[in-house]
Amino acid sequence: LKVEASLAQGTCLLQAFASFNVSVAFQKMAAPRLQRWGHSSSNPNKIQGCSLVILGDAALGAKPLPPHSVNVDVRVVERVALHRLTQKFQNSNDPIAEAAYVFPLMDGVSVSGFRVRFSHGREIVGEVKEKEAARAAFTRAISSGRRAAMLQEDGSDVFRASIGTLAAGEEVEVNLEYCLQLQITSGLVRLTIPSHVGPRYCPQFGATQEEELCLATSSRYSSTAPNAAFTAAIAVAMTAGVAAIESPTHDLSTNLAPCDGSSEARAHMVTQGLQADLVVLIRPCATFEPTVVRELLATRGTEALMLNLVPTFDSPAQRTEAIFVLDCSGSMNGARIEQAKRAASIFLRSLPSDCFLNVVLFGSNFGALYSKGSVAYDETTLQEASVFIDGASANFGGTKLFPPLDFVFKGAPIAGTQRAVFLLTDGDVSDQQRIFDLVKRSGSRVYSIGIGSGVSTALVNGVARTSQGSAAFVQDREDLEPVCVAMLQKATLPSITNITIAWPKNSSFRSQTKPPPIFAGDAFSNFALYPERLPECDEQLMVVVSGDTAQGRLELEVPVPKACQTVEKEGGALLHHLFARSVIKDIEESQDKNEYKVEAIQLSVLYSVLCSYTAFVSVEQVEGKRVEKSMDMHLDLQMRLEE
């Protein structure tokens, strides 16, 4: 049986879409443009993913098994967060069955640990292998009657695990460990714990085989776990100190520390069921200074460096062609469409007087306010755009994002302006790679805002990253103005481009290539890996960052500290994991990804970081004794990486 499943700790809603309908005010404004929009169709398979799913006898069909408890421990150091997630399930009714689940994580995470613990002391721990080798090992273990598990990416924000058989009455505990860099919005560090995998709309043409598989595994089954106990414990350590820890989505208990950075600040939450994404905002006592952090992995003798910047600079505003692309698909119904309309209104009323504008609404079809292209921004066009947006409803059927973006990019840019495309969406599409390729070819920057819980962070971040734009996220009822104002400033003020980073050249090293542009107020990080520890010397080592600004070439020197944190175990080597994931991400999104696929697999296996080319695979441990675990590639890969 092919196991298809989904997991979350939230309420799951069947998304049924009504026929295309438009308000009277909207019809008066848009009547000449409606002829090309057509009629929407329902998509009954768009369901939010929620739980472990077990498949027994074929006659029983697939049945969801929600977790009865979920616990997440998060430790934030500056802008890096290490998550340890524990979920417990119990198969109380079904006979022996095949089990699997899909779980949402934020785009950009580095998954470095996967462990499944069964009743009676049985445990399986994952190791990373090339995907085909992992599947073969999983199949061999299952066919020989041993416990086995496999974890793989179905998308950069959707992960799927297969857990072999699960007996009636048996309890299982699933542990994931992952880390990621946190975003900064209006001076606040933003931590998000997603509640569920949102539904993904799959157009008839355009999705890859992998994207169609992601759709199938993440959207077919749903379940509600209103009584599941959810706990979150968050510890925050920042050099600048922590002034506040708040949540716009949930009630938190907090224990703050002095602003001298000498101790950790803490927050805690206990609730029944996680109905929406948990968002935590951390306010530092002072602004972030440019820093370099060092980490030595004792078992390998390698040293990783992380450069952190949150730049502030003044530049003259540039004339902008602002095109707002608003998602009106059925999944945006309710609070989401109202948030999107409020955001668009804030943008419209905040635009500089010398810019140009257009508005595009989309779902199964799309329509533009000005079909012949953007027009000058004035009182008349502001009023027309406001009426157009106010009349929008989330009744346009499915989420076909490619056609409206293709329409926007085919239009000739306004001479003497910088085109900025503002995308407001819940990101529920499956043909992501096709959209990324389109955005990359366009030469226009996309500034994307993901709205609501279950949003596809892979899509929202991906269109921004591939276009060298910027991304942000808001919940259904979160304050929009700081996000919109910050996003508009990024679009209208020049960024720092053509970035080069000169790392200390005391020995050979590997670093990321082609750093993205730097926006004022945005967090920027970059990594380098050295095959051995940097030597002690009297001279102050520096990391030198250079880039082009409106005033000319800028250069910034950031000192490398003498102190170096030593990590004894690979599981705690956060900077090594983030370095490997960042280089792998560059490879996965490059045009020459097939040429560098081998290097991506090497890094993934060497540092136990999951990627699209690999999977975690594990076989049974009994009372702590390993039945089988292969380390045959690690030494060879270490040598090849150093070469």
Side-chain angles (χ1 to χ4, degrees), residues 12-27 29-49 196-207 211-212 214-216 218-220 222 323-341 343-344 359-369 371 388-408 421-432 434-435 438 448-456 459-460 463 476:
C12 301
L13 304 173
L14 176 64
Q15 305 285 343
F17 301 129
S19 297
F20 180 60
N21 200 352
V22 186
S23 69
V24 174
F26 180 71
Q27 288 178 357
M29 187 67 208
R33 308 173 183 92
L34 294 179
Q35 295 180 354
R36 60 192 299 255
W37 283 25
H39 196 79
S40 69
S41 60
S42 63
N43 184 3
N45 289 328
K46 284 189 66 174
I47 304 175
Q48 291 178 348
H196 63 269
V197 176
R200 302 290 192 261
Y201 179 83
C202 188
Q204 185 175 3
F205 304 104
E211 290 167 343
E212 290 176 350
C214 178
L215 170 71
S218 65
S219 65
R220 184 164 299 179
S222 65
I323 303 176
F324 302 96
V325 181
L326 179 61
D327 188 348
C328 295
S329 63
S331 61
M332 291 285 289
N333 190 40
R336 293 186 181 185
I337 190 65
E338 296 306 318
Q339 277 286 67
K341 290 161 66 173
V359 181
V360 179
L361 309 182
F362 76 94
S364 294
N365 296 281
F366 73 92
L369 174 59
S371 59
F388 191 69
I389 290 170
D390 288 344
S393 298
N395 55 7
F396 288 13
T399 314
K400 291 186 177 180
L401 179 55
F402 187 95
L405 288 181
D406 189 46
F407 164 78
V408 168
V421 179
F422 296 89
L423 173 64
L424 297 97
T425 180
D426 60 2
D428 293 340
V429 302
S430 64
D431 56 337
Q432 293 182 2
R434 182 171 175 240
I435 293 169
L438 172 68
S448 51
I449 297 181
I451 300 175
S453 297
V455 62
S456 172
L459 176 80
V460 174
V463 293
D476 291 336

Where do Leu423 and Leu401 land on the side chain to side chain contact (heavy atoms under 4.5 Å, CB included) test, with the steps shown first?
CA-CA 10 Å; Leu423 173 64; Leu401 179 55; 3.8 Å; yes
Check the pair Leu326 / Phe396 against side chain to side chain contact (heavy atoms under 4.5 Å, CB included), numbers first and verdict last.
CA-CA 11 Å; Leu326 179 61; Phe396 288 13; over 6 Å; no
Phe422: ring-ring contact (aromatic ring centres under 6.0 Å, His included) partners, not counting sequence neighbours:
Phe324, Phe347, Tyr447
Do you know the tightest heavy-atom contact between Ser329 and Ala394?
O-CB, 3.3 Å
Distance check, rounded to the nearest 0.5 Å: Gln339 atom CD versus Leu424 atom CG?
10.0 Å
Would you compute the distance between atom CG of Leu369 and atom CD1 of Ile323 and round it to the nearest 0.5 angstrom?
11.5 Å
Taking atom CG of Asp327 and atom CD1 of Ile337, what is their separation to the nearest 0.5 Å?
7.0 Å
At what distance, to the nearest 0.5 angstrom, does SG of Cys328 lie from CZ of Phe366?
13.0 Å
Show the nearest heavy-atom pair for residues Phe407 and Ala368, with the distance to one decimal.
CE2-CB, 3.6 Å
For a 4.5 angstrom cut-off between non-hydrogen side-chain atoms, does Phe362 reach Leu405?
no
Heavy-atom closest pair (Ser364 atom, Lys400 atom, distance to 0.1 Å) is O-CD, 3.3 Å
So, taking the atom named CG in Asp476 and the one named CD1 in Ile451, what distance separates them when rounded to the nearest 0.5 Å?
8.5 Å
Kindly say whether Asp390 contributes a backbone atom to a donor-acceptor pair with the side chain of Lys341 at under 3.5 angstrom?
yes
With sequence neighbours left out, the residues meeting side-chain hydrogen bond (donor to acceptor under 3.5 Å, both in side chains) with Asp406 are Lys410
Rounded to the nearest 0.5 Å, what separates atom OG1 in Thr425 from atom CZ in Arg336?
9.0 Å
Results of side chain to side chain contact (heavy atoms under 4.5 Å, CB included) for Ala344 - residues two or more places apart only:
Ile389
